[in-house]
Amino acid sequence: MKINLDTEVLTDNNAAAKFNRDLFTKHKTLVVNLMSSPGAGKTTLLEKTIAALGKEYSIGVIEGDLATEKDADRIRALGAKAVQINTNGGCHLDARMIAKVIDEFDLEKTDILFIENVGNLVCPSGYDLGQNHKVAILSVPEGNDKIPKYPVMFRRTELVVLNKIDLLPYLDFDVDMAIEDLKGINPESKLIRLSSKTEEGLDEWLTWIKEAYRNLQEQ
Amino acid sequence: MHEMALRGDILQLVENDARSRNFKQVDKVELIVGDLSNAMPDALEMAFDVFRARGLGMLSEGAQLVIHKEAARSKCVICGHEYTPDRRLSICPECALPSGRLIAGETFKVQSYEGS
């Protein structure tokens, strides 16, 4: 007997994402899902962000990694609450993993929650975690061809942070080509150039976060 | 490779439905996998081979996996032209503007299964 299910494979994940989103919305917590290749600078950008905004906002971080507490320890060293999820080989975070650790945060007192996804430009892109915003970080040493090579990721993010721009003089990264490719794949996406190391462009990122937070509170 | 995790999601959908109908076995599972769904058909096949080899005693263990690929298609919101997208998939080849929107290629569904 043939049964027509006609059901999204990620139905369960999407239900868990809705559960998360309802909770975040109730507490007006801004949730940003940060995705990139390994080594693009997600944790360093978070360190700079917490150092700059930590007094004004209560910031929490969920760290996703295959193994170790190294990233969560870096965040805790700055006085922010961090919960580490170890996926034990899994290549992405899913909404159920987030749902399991939400209780560790006092959302009523958490203004901004960053989710640092597992370093990977493929798998995390398909999973809704219940976030308000999906942000991709692309770093100069990776090369400008990553945007057209990973179209699913860059189609589903609304902001690309181009990190490590202090290395542009030494590498063949074509910024104009990256912007054109991004426009061709996701016309609505913004791009911010910054260097976490020199802090050039960091203000633009901080302004984006503050605006996102303000917009959420006004909803 | 997240196809192992996706396999778990697929099996859960099929097994839950099959058990609710008191089926004793599932013979075939049909998926629709879009070019831009980020799921690789070959990796899904491999994930199911691994599952079969494990012998977990599930209803779907002997099921044949049939994957229908869905090609990516875009349509221009300005001129209405439909095209097969390339590198810059939002650029309409007629208008040369970022006015194309994907109309197919992102689907990732369990279409049907056969059980008894």
Side-chain angles (χ1 to χ4, degrees), chain A residues 1-17 35 64 66 87-97 117-118 120-128 134 144-157 177-189, chain B residues 1-14 16-18 20-23 25-40 43-44 72 74 77 85-93 96-102 105-116:
Chain A
M1 187 179 171
K2 185 169 177 173
I3 307 294
N4 287 313
L5 274 185
D6 192 29
T7 305
E8 294 283 341
V9 170
L10 292 175
T11 296
D12 275 9
N13 182 76
N14 295 341
M35 297 176 281
L66 272 67
T87 59
N88 298 315
C91 51
H92 59 272
L93 293 176
D94 68 37
R96 288 161 286 199
M97 298 175 192
N117 220 310
V118 178
N120 182 333
L121 280 178
V122 184
C123 312
S125 68
Y127 291 85
D128 181 5
K134 286 184 176 182
N144 55 272
D145 60 348
K146 294 303 170 290
I147 293 175
K149 274 188 175 174
Y150 297 89
V152 180
M153 172 62 75
F154 292 99
R155 265 181 59 70
R156 295 180 183 178
T157 49
M177 178 73 88
I179 290 170
E180 281 301 304
D181 278 332
L182 183 61
K183 204 198 297 173
I185 285 167
N186 183 353
E188 278 88 44
S189 178
Chain B
M1 182 171 118
H2 62 314
E3 282 75 3
M4 290 286 188
L6 295 172
R7 178 200 64 192
D9 288 309
I10 293 163
L11 287 175
Q12 200 175 343
L13 287 172
V14 172
N16 285 349
D17 194 84
S20 75
R21 296 172 196 272
N22 287 318
F23 286 165
Q25 67 178 59
V26 173
D27 301 313
K28 194 193 223 182
V29 175
E30 296 193 49
L31 308 177
I32 304 176
V33 181
D35 279 351
L36 291 169
S37 70
N38 249 1
M40 281 176 61
L44 282 169
S74 290
V77 293
D86 64 0
R87 177 187 172 104
R88 292 174 179 173
L89 51 88
S90 297
I91 305 290
C92 168
L97 292 169
S99 49
R101 299 292 174 267
L102 267 189
E106 293 188 294
T107 308
F108 187 33
K109 277 183 174 177
V110 180
Q111 184 181 39
S112 64
Y113 72 93
E114 285 177 23
S116 53

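Letters A, B, ... mirror the listed sequences (proteins, then strands); counts begin at 1.
- Heavy atoms closer than 4.5 Å to chain A are found nowhere in B/Arg7, neither backbone nor side chain.
- Under a 3.5 Å cut-off, the side chain of B/Asn38 and the backbone N or O of A/Val122 do form a donor-acceptor pair.
- Interface remark: A/Asp94 contributes no atoms to any contact with chain B (heavy atom separation under 4.5 Å).
- The one candidate from B/Asp9, B/Thr107, B/Val33 that meets the side chain to side chain contact (heavy atoms under 4.5 Å, CB included) condition with A/Val9 is B/Asp9.
- A distance of 4.5 Å separates CZ of A/Arg155 from CD of B/Glu106, quoted to the nearest 0.5 Å.
- Note: A/Ile3 CD1 to B/Lys28 NZ = 13.5 Å, rounded to the nearest 0.5 Å.
- A/Glu8 approaches B/Phe108 most closely through the heavy-atom pair OE1-O, 3.4 Å.
- In this structure, A/Ile185 and B/Ser90 approach most closely via the heavy-atom pair O-OG, 3.1 Å.
- Interface remark: A/Asp6 contributes backbone and side-chain atoms alike to the contact with chain B (heavy atom separation under 4.5 Å).
- Between the side chain of B/Ser112 and the backbone N or O of A/Leu5 there is no donor-acceptor pair closer than 3.5 Å.
- For the atom pair NE2 (B/His2) and OG1 (A/Thr87), the distance works out to 13.5 Å, reported to the nearest 0.5 Å.
- Summarising the geometry, atom CG belonging to A/Leu182 is positioned 10.5 Å from atom CZ belonging to B/Arg88; distances are rounded to the nearest 0.5 Å.
- With a 4.5 Å cut-off on non-hydrogen atoms, A/Tyr127 touches chain B through its side chain but not through its backbone.
- With respect to chain B, the highest number of heavy-atom pairs below 4.5 Å among A/Met153, A/Glu180, A/His92 belongs to A/Glu180.
- One distance of note links CD1 of B/Ile10 with OG1 of A/Thr11; it measures 11.0 Å at 0.5 Å rounding.
- Atom NZ of A/Lys2 and atom CG of B/Asp27 lie 13.0 Å apart (nearest 0.5 Å).
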